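Okay, so here's the structure we're looking at.
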There are 2 protein chains.
Amino acid sequence: MSSIRPTIKDVALASGVTAGTVSRALRGDPRVIETTRRRIMEAAERLEYRPNLQARALQTGHTGALGLTCPSGPWILMHPYFAPMHAGVTSAASKDGVRVLLYMPAGEGKLELDRSNLQARELLDGRVDGGIIYQAQTLSPGVLEGLQKMGVAVVLMNTDEEIPGFFQVQSNTEQRLRESLRWAHELGARRIGVLGLSAGTPFNDVAWRGLESARLPVSVNYRAVEADDVYQEQAVRAAVDSLMEGKPEALIFNSEIHLGQHLARAGQAPGGPMLFGHGGIHTDSSLSYPGVHYVETDLWAAGVQAYLMFKDALQRKPPRSERLLWSRRPETPKG
Amino acid sequence: MSSIRPTIKDVALASGVTAGTVSRALRGDPRVIETTRRRIMEAAERLEYRPNLQARALQTGHTGALGLTCPSGPWILMHPYFAPMHAGVTSAASKDGVRVLLYMPAGEGKLELDRSNLQARELLDGRVDGGIIYQAQTLSPGVLEGLQKMGVAVVLMNTDEEIPGFFQVQSNTEQRLRESLRWAHELGARRIGVLGLSAGTPFNDVAWRGLESARLPVSVNYRAVEADDVYQEQAVRAAVDSLMEGKPEALIFNSEIHLGQHLARAGQAPGGPMLFGHGGIHTDSSLSYPGVHYVETDLWAAGVQAYLMFKDALQRKPPRSERLLWSRRPETPKG
DNA sequence: CTGAAAGCGCTTACAG
DNA sequence: CTGAAAGCGCTTACAG
């Protein structure tokens with residue numbers, strides 16, 4: 001299906017030169033003389049010529065694009081924790097003229113490991129120079145090594161455990177949980193409920209490790225809600241109710257998604273527990289609840305960092321791993 | 001820079017046939033006989049061959065990708081109103097094996113018209129079969145027509161005003177404002193404050209039209225915050241304060257972004273006004289404030305719809321325009 | 001300073 | 001049923 005779009009040949013014809021010269025002129029090769037250069041530019045403008053970047057990539061071997069892939073579905077695009085990361089990646093990439101291609105599975109909800117692995121291998125489709133992979137801990141190591149071997153630049157995003165040999169932006173799950181517990185303790189809480197929402201990653205193990213490492217004389221009641229249940233209103237409600245039965249003085253939760261109404265109910269009742277959540281700076285303050293103490297992370301910055309690592313990976317610099325940073329944001333008064 | 005990745009030639013060599021046959025086998029052409037087909041498949045698997053989709057696209061003329069473009073910056077990717085639309089588009093596209101390429105400007109904040117126009121023209125770079133364009137009302141008509149003329153399928157997303165001759169998913173701004181006012185009136189409010197946050201689009205005009213069309217015996221105090229100020233905490237705070245001075249019985253706002261804390265302050269005080277916001281169904285209930293009445297829109301569904309229109313546009317069906325639907329979601333109790 | 005030619009990795013009539 | 005060839009729209013040594 002030949003389209004109406006002018007090609008480099010059309011421009012060549014219109015300006016009485018050959019395609020090679022047009023190419024050189026367009027790319028700013030100093031060898032083409034000013035007068036022909038101008039002639040070519042005018043023709044290109046008149047014809048509204050735009051170079052076909054696929055064809056160019058086929059020749060040059062780099063596409064100027066990176067893939068963003070996540071095994072667990074397009075919902076991640078609207079997730080208040082992840083969306084700012086994507087925005088950060090995309091913003092940083094745009095500044096270099098690099099485009100972002102989304103490799104999202106068609107599936108709606110839960111993680112399917114086989115599909116995840118296939119998904120990641122799509123980064124080999126030649127449309128991108130590499131990619132940033134979320135939830136890489138769910139992929140088999142062979143797949144990741146395979147990608148590297150095939151020459152795609154890969155950055156692992158938000159992994160809980162370190163995967164040696166790769167660029168990665170590591171999550172601060174462990175730190176955040178420890179910090180939340182410390183903060184609650186500082187404010188006087190001794191009976192503390194923790195609600196952990198896992199999205200198919202080994203979140204709960206890591207979270208628990210964080211809590212233990214605080215080594216504080218408090219009684220902790222941990223309730224996990226597993227990936228498959230996250231989307232079930234019932235399961236979340238039951239977990240919150242069960243925690244509340246212990247009459248906690250503080251309630252720590254790792255995600256306000258799917259939790260909002262329950263937390264509002266639990267926390268805003270007079271004499272209810274203090275609430276500790278894990279916000280993101282760039283999710284904007286309006287997305288946080290008044291009355292919640294946030295241990296927050298600059299997620300946009302994390303995205304920018306991932307992109308910078310991607311550039312390093314392209315240049316085959318030695319891989320490195322950096323952990324996200326958190327900070328405390330005191331509760332906003334309720335009334 | 002030749003990479004390590006095997007090409008169709010390598011597979012051909014390894015299975016003792018020619019590239020053409022490999023191509024046919026891989027694409028499932030029934031003319032290749034079962035035994036050679038199997039031989040080819042095995043070789044492909046063994047070499048971990050993946051077809052180069054750019055090269056394929058160069059031949060076939062379609063890329064299996066669509067561009068998502070927005071003139072006003074990557075922040076839209078994390079915006080609770082738009083993010084679910086992107087997710088919907090991406091989800092629907094994924095089911096067809098169609099990938100989404102993000103064309104976001106590098107700019108941080110405000111809309112620059114010239115750049116917007118350039119931005120849209122990037123859909124001509126040959127990497128996509130067409131695109132979905134947000135905030136198309138900020139583009140010059142010539143640009144849109146140019147895209148069409150060049151054979152790219154275009155869908156306009158969330159325009160306030162109809163642009164004839166194009167596929168478009170129209171915003172329901174006008175309806176939402178009218179509905180909010182009616183709802184407030186039904187619940188007994190007679191003194192009503194309205195805060196309009198415009199993101200560089202002619203939002204305020206449309207919103208005002210919606211309010212007027214309700215034709216209700218209420219006194220409306222409208223305060224606009226313009227695009228440039230949206231990111232300024234000060235401007236928003238001042239606007240809210242100014243509205244509150246009128247002692248409104250209801251407060252209508254079109255976006256809770258940048259507003260959260262101010263609204264919490266205004267609305268949750270005892271005897272404060274009723275609050276009416278414009279939520280999105282798939283932004284998840286946790287993103288909404290307790291105590292707010294929402295006139296909500298299924299934004300994910302809007303994204304899916306945009307993708308379906310994109311398919312129609314590809315097939316050159318006659319363009320059509322559909323308006324988003326809203327529904328009422330009663331307030332969630334605060335305590 | 002510019003042209004002619006080869007090639008990037010595919011697909012697809014056209015022969016045989 | 002498969003091979004040989006041309007071509008998609010570019011780029012880039014290599015000549016001249």
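The model shown is predicted, which means the values in this text are computed figures rather than measured ones. Per chain, numbering begins at 1; letters A, B, ... match sequence-line order.
At the heavy-atom level, A:R24 lies under 4.0 Å from base atoms of the strands shown. Using a 4.0 Å heavy-atom distance criterion, B:T7 is classed as a sugar-phosphate-only contact.
Remark: P of C:dC10 and CG of A:D125 are 11 Å apart, rounded to the nearest angstrom. Atom CZ of A:R38 and atom P of C:dC1 are 15 Å apart (whole Å). Between B:L53 atom CG and C:dG9 atom C1' the separation is 11 Å, expressed in whole Å. The nearest whole Å value for the distance from the NZ atom in A:K9 to the C1' atom in D:dT11 is 14 Å. In this structure, A:R31 places its CZ atom 13 Å from P of C:dG3, rounding to the nearest Å. Distance, A:I8 CD1 to D:dC8 P: 14 Å, rounded to whole Å. Distance, B:N52 CG to C:dT11 C1': 13 Å, rounded to whole Å. At whole-Å resolution of the value, CZ in B:R127 and P in D:dG9 are 17 Å apart.
For the pair B:T21 and A:L58, both in contact range of DNA chain C, the more 5′-proximal nearest nucleotide belongs to A:L58. Taking for each of B:G20 and A:Y49 the nucleotide of DNA chain D with the nearest heavy atom, the 5'-most of the two is the partner of B:G20.
Taking a pair to require two hydrogen-bonding distances under 3.5 Å in either a Watson-Crick or a G-U wobble arrangement, D:dA13 remains unpaired. Across every strand in view, D:dA4 sits unpaired, with no contact that passes the Watson-Crick or G-U test at under 3.5 angstrom.
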Is there a side chain to side chain contact (heavy atoms under 4.5 Å, CB included) between B:T36 and B:R39 once you walk through the steps? CA-CA 5 Å; B:T36 55; B:R39 200 148 33 93; 2.8 Å; yes
From CA spacing to verdict: side chain to side chain contact (heavy atoms under 4.5 Å, CB included), B:R121, B:V143: CA-CA 7 Å; B:R121 304 207 50 231; B:V143 169; 4.1 Å; yes
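Distances were taken from every side-chain heavy atom of A:R56 (C-beta onward) to each of D:dT11, C:dG3, C:dT12; the shortest belongs to D:dT11.
The neighbour count for A:Q315 CD, taken as heavy atoms of other residues, nucleotides or ligands under 6.0 Å away, is above 12.
The closest side-chain heavy-atom distance from B:I40 to B:V17 is below 4.5 Å. The shortest distance between side-chain heavy atoms of B:K311 and B:K317 does not fall below 4.5 Å.
At the phosphate of D:dT2, OP1 or OP2 sits under 4.0 Å from a side-chain N or O atom of B:T36. Side-chain nitrogen and oxygen atoms of B:R27 include none within less than 4.0 Å of the OP1 or OP2 phosphate oxygen of C:dC10.
The base of D:dG9 lies outside donor-acceptor range of the side chain of A:R50, with no N or O pair under 3.5 Å.
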